[in-house]
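Everything numeric in this text was worked out from a predicted model, so none of it was measured. Protein chains get the first letters and strands the later ones, always in sequence-line order, with residue 1 at the start of each.
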4 protein chains.
Amino acid sequence: MKPKNTDSEKYQLHRREAVRAAATVFSANGFHGASTSDIAEQLGIKQGSLYYYFASKEEALEEVCLYGLETYTKNMDVIAHDTGQPFEARLFAVVTNHLTSYRDKSEALKVHNNERLYLPEARRVRLKAMGSKYRRQLESVIEHGIEEGAVSATLDAHFAAQSVIGICNSLGEHIVRETDVDVFDLVRKCTGLLLHGMSSEQGSGRPNTS
Amino acid sequence: MKPKNTDSEKYQLHRREAVRAAATVFSANGFHGASTSDIAEQLGIKQGSLYYYFASKEEALEEVCLYGLETYTKNMDVIAHDTGQPFEARLFAVVTNHLTSYRDKSEALKVHNNERLYLPEARRVRLKAMGSKYRRQLESVIEHGIEEGAVSATLDAHFAAQSVIGICNSLGEHIVRETDVDVFDLVRKCTGLLLHGMSSEQGSGRPNTS
Amino acid sequence: MKPKNTDSEKYQLHRREAVRAAATVFSANGFHGASTSDIAEQLGIKQGSLYYYFASKEEALEEVCLYGLETYTKNMDVIAHDTGQPFEARLFAVVTNHLTSYRDKSEALKVHNNERLYLPEARRVRLKAMGSKYRRQLESVIEHGIEEGAVSATLDAHFAAQSVIGICNSLGEHIVRETDVDVFDLVRKCTGLLLHGMSSEQGSGRPNTS
Amino acid sequence: MKPKNTDSEKYQLHRREAVRAAATVFSANGFHGASTSDIAEQLGIKQGSLYYYFASKEEALEEVCLYGLETYTKNMDVIAHDTGQPFEARLFAVVTNHLTSYRDKSEALKVHNNERLYLPEARRVRLKAMGSKYRRQLESVIEHGIEEGAVSATLDAHFAAQSVIGICNSLGEHIVRETDVDVFDLVRKCTGLLLHGMSSEQGSGRPNTS
DNA sequence: AATGAATGAGAGTTCATTCAT
DNA sequence: TATGAATGAACTCTCATTCAT
């Protein structure tokens, strides 16, 4: 209603900061547990002034979620199109992307994972689209791995993709909580586990190894 | 304030139902997003009457979390002490326990995972104790697996335990959302992935296989 | 959502008082100019408690308007069906009803006249129905007067009805403001003016008298 | 605070437009229901810029009311002094003035009628003076009609004046709402009703006609 | 002559909690 | 054992107003 100079560079910059502030407090207290006062305080302005940047608390949540997925999905685009790489390298890239995104935008990603369901259907369409695309791309990476023989043919790609996302997110939560985590160590361990499992076996006992 | 017959069997029965009702609405809307009205409605009583069963909303949340962990951790106790079984069988048991708990008490477990952090420190001691114990027991299962040679010696048990929990929880969320999931199929796939990874390799390329 | 004992006699009684309190402050300050605090204060309860009786400020406005029209339209029903009376008597009854309603429920009627347009379309259907019915009934009284020869045949009944309502409402505002008005004197004067006009003429110059 | 060139012709022109914009939105939403944003938008400027033309929202309301009464009362001045005309002609002129004012400045007049009471006493002195003067002038026209024998001697001039104003305002509201009203038809009907009433009688039954 | 940005007060509404009955 | 009624604090959101630029 009130036409703001929504295109001015300065406005966009300040709004970014507002999104980050919102990410911080949503991440700490959850959407319902965080008040607009908290966000404003985190940003160093008064509560009412927040509405210069967001039309509603819900809009703030949506922006935080989008912000969280931004680079994360963009990077997946690159990985998905880079079909020349061997499967191991691509999986490594996937995990690296996921976990480093957590390091850089941990709060926003956590908010996306835990709070996005509180958005009304209408506000979730873009998020849903991005999330589905991500999962489909990950699945295609896995399927490609099956085709080239690097991945066990009996693997359910859909299930595997979900598991990869699940592990990464649970490690991500860890990264959010503890500040001094060696992310690259985590990436290595995680990729190793996903590729070879915990077993010390030489392939025996695997249905597809005969 | 008034002395309640908290020991009477009937009271305990009704309270159980109250806990389940709370689990349902906390699981659907989150702790902050759910109102005591919602819980009362779910239970078929009037709002004020809830306080006959809970001293506060927070107490309700604590009860739900404890309820969620109950059998889940009890079962882990059994698994942990059953050192005679081979590693594969024990891991299978762990995953089965985790995922079937989700099927039976899905809501309470989900609430524990997502909302327990809104409890004040004081109320979380028991939960923390149970959670830590669970993780330590899982770690000991894994370490035992290493000792008996079934698990790769290079594996970081702490990390692995966390990953197992992470995958199971992410699959659990899935079970909560969709009603007709074949849980045992999930268990099989999950254990397989955790044991052998995605790779089709015969153990080559694994640092510890030489 | 919260099922209240909306049928209990006591509740209904208290709610009536709440409606009257709302009528008082809406009448004094207008819908937008009056706060729910004002209403609560007028009623002798705390602001938040008002919501035990109304789901929203808008609902309160709707109730006030309905309350204002209640007896007023009920009486018109009686007048409209009493076709045996001569026109003069029926017009007298109409004006009496309108102005005494103002004396008894002045505030609610004033609110209906001045504030009902701030209700969203959906909330106005019943009011509209009642208002239209009232006007139609008044028109039929006038048309009946034309048929029996008491009213000038050239008169536009729709226009006349509107004028009657207009005069009565403007006099009503007067009744609201000043406490010691002789309503029956007003009724007499008003009916006289409406019947015979201001002119001292003997009917000459009237288009239909030739 | 900053010295404005309030006397410059351009400023006065722009201010007029601001007053008209305010009239439009006050008329549509009421004083309390309309925001300074709405006015600014209607005027095509930004919200803060409004304060270049009005020191406060209240001042804007006052200006709108004065603007609405302007020509309306000026015309009444002319009618009141034109004592040479017969009563019927003067009444006709009064009604014409009232209703055409509504056609031309409908919004401002409506605002005056419905919202002026929200002005603090101090801001209403001029309006009150103008309104009282108008009513007194109308009364004197009626009294003059009585003296010259055109108006029934039993008529209460004060009451009659109020009724004239009441009818005209209620018709005015009608003009505001519906765009295509034949105002002159309304004027004719209205004057007719006021002069001769609804009755078809030839003077019989009138106390003063004997 | 007009705007972007902020403010602070207050609005309507929700809700956990209390307590007499 | 449960309820009706009320409370007060917190919350989201709106808005008139200010002022440096």
Side-chain angles (χ1 to χ4, degrees), chain A residues 1-6 8 10-11 14 32-40 44-58 60, chain B residues 1-2 4-5 8 10-11 14 32-40 43-60, chain C residues 1-6 8 10-11 14 32-40 44-58 60, chain D residues 1-2 4-5 8 10-11 14 32-40 43-60:
Chain A
M1 299 303 155
K2 293 169 214 159
K4 272 169 279 190
N5 218 8
T6 197
S8 101
K10 218 166 158 194
Y11 180 84
H14 281 215
H32 286 115
S35 74
T36 53
S37 269
D38 297 337
I39 304 176
I45 62 176
K46 293 294 152 60
Q47 190 251 6
S49 312
L50 206 64
Y51 286 76
Y52 191 67
Y53 297 106
F54 300 119
S56 69
K57 196 187 173 190
E58 259 179 13
Chain B
M1 298 307 153
K2 278 179 206 160
K4 301 173 225 179
N5 212 6
S8 96
K10 213 164 150 202
Y11 179 84
H14 281 214
H32 287 112
S35 73
T36 54
S37 259
D38 297 336
I39 303 176
L43 195 53
I45 62 175
K46 294 290 153 56
Q47 191 204 14
S49 315
L50 252 196
Y51 286 76
Y52 190 70
Y53 297 108
F54 301 119
S56 71
K57 199 185 169 191
E58 258 178 14
E59 184 181 303
Chain C
M1 300 300 155
K2 296 166 214 159
K4 273 170 280 190
N5 217 6
T6 197
S8 101
K10 217 167 160 195
Y11 180 84
H14 281 213
H32 286 114
S35 74
T36 53
S37 270
D38 297 337
I39 304 176
I45 61 175
K46 293 293 152 61
Q47 190 248 10
S49 312
L50 207 63
Y51 286 75
Y52 190 67
Y53 296 106
F54 301 118
S56 69
K57 197 187 173 190
E58 257 179 14
Chain D
M1 302 306 151
K2 280 180 204 160
K4 301 173 225 179
N5 212 5
S8 97
K10 214 164 150 200
Y11 179 85
H14 280 214
H32 287 113
S35 73
T36 53
S37 260
D38 296 336
I39 304 176
L43 195 53
I45 62 175
K46 295 290 154 57
Q47 190 203 17
S49 315
L50 251 195
Y51 286 75
Y52 190 69
Y53 297 109
F54 301 119
S56 71
K57 200 186 170 189
E58 259 179 13
E59 184 181 302

Touch class at under 4.0 angstrom, heavy-atom based, for A60(D) against every strand present: nothing
N/O (side chain, K46(A)) to phosphate O (OP1/OP2, dA6(E)) under 4.0 Å: no
Side-chain donor/acceptor of Q47(A) to base of dC13(F), under 3.5 Å: yes
Residue met sooner reading DNA chain E from 5', once D38(B) and G44(D) are mapped to nucleotides: G44(D)
Side chain of Y51(D) (C-beta onward), nearest among dC13(F), dT18(F), dA16(E): dT18(F)
Sugar-phosphate only, base, or nothing, as touched by A34(D) at under 4.0 Å among non-hydrogen atoms: sugar-phosphate
Complementary nucleotide for dT21(F) - Watson-Crick or wobble, under 3.5 Å: dA2(E)
Under 4.0 angstrom between S49(B) side-chain N/O and dT3(F) OP1 or OP2: yes
Whether Y52(A) and Y11(A) hold their rings parallel, tilted or perpendicular, with breakpoints at 30° and 60°: perpendicular
side-chain N/O T36(B) vs dA16(E) OP1/OP2, d < 4.0 Å: yes
Over all atoms of both residues, closest heavy-atom pair of K57(D) and A34(D): NZ-O, 2.8 Å
Touch class at under 4.0 angstrom, heavy-atom based, for L50(D) against every strand present: nothing
T36(C) versus Q47(C), side-chain donor and acceptor atoms under 3.5 Å: yes
Nearest-angstrom distance from the residue atom CD1 of I39(B) to C1' of dC15(E): 12 Å
Nearest to side-chain heavy atoms of H14(C), which nucleotide of dA11(E), dA6(F), dA16(F): dA6(F)
Complementary nucleotide for dT14(E) - Watson-Crick or wobble, under 3.5 Å: dA9(F)
Y53(A) side-chain N/O to dA5(E) phosphate OP1/OP2 under 4.0 Å: no
Value in whole Å for how far the C1' atom of dA11(E) lies from NE2 of H32(C): 11 Å
I45(B) CD1 - dG4(F) P separation (whole Å): 11 Å
S56(B) vs G48(D), nearer the 5' end of DNA chain E by closest nucleotide: G48(D)
Protein-nucleotide distance (Y11(B), atom OH; dT1(F), atom P), rounded to Å: 9 Å
Nearest heavy-atom neighbours spanning Y53(A) and H14(A): OH-ND1, 3.2 Å
Side-chain N or O of K10(A) closer than 4.0 Å to phosphate OP1/OP2 of dG4(E): no
Between dC13(F) (P) and K57(A) (NZ): distance, integer Å: 8 Å
dT3(E) OP1/OP2 closer than 4.0 Å to side-chain N/O of Y52(D): no
Minimum heavy-atom distance Y51(D)-S56(D), with the two atoms named: CE2-CA, 4.2 Å
Gap between atom CG of L50(C) and atom CD1 of I45(C) - 0.5 Å precision: 5.0 Å
Whole-Å gap separating C1' (dG12(E)) and CD (E58(C)): 11 Å
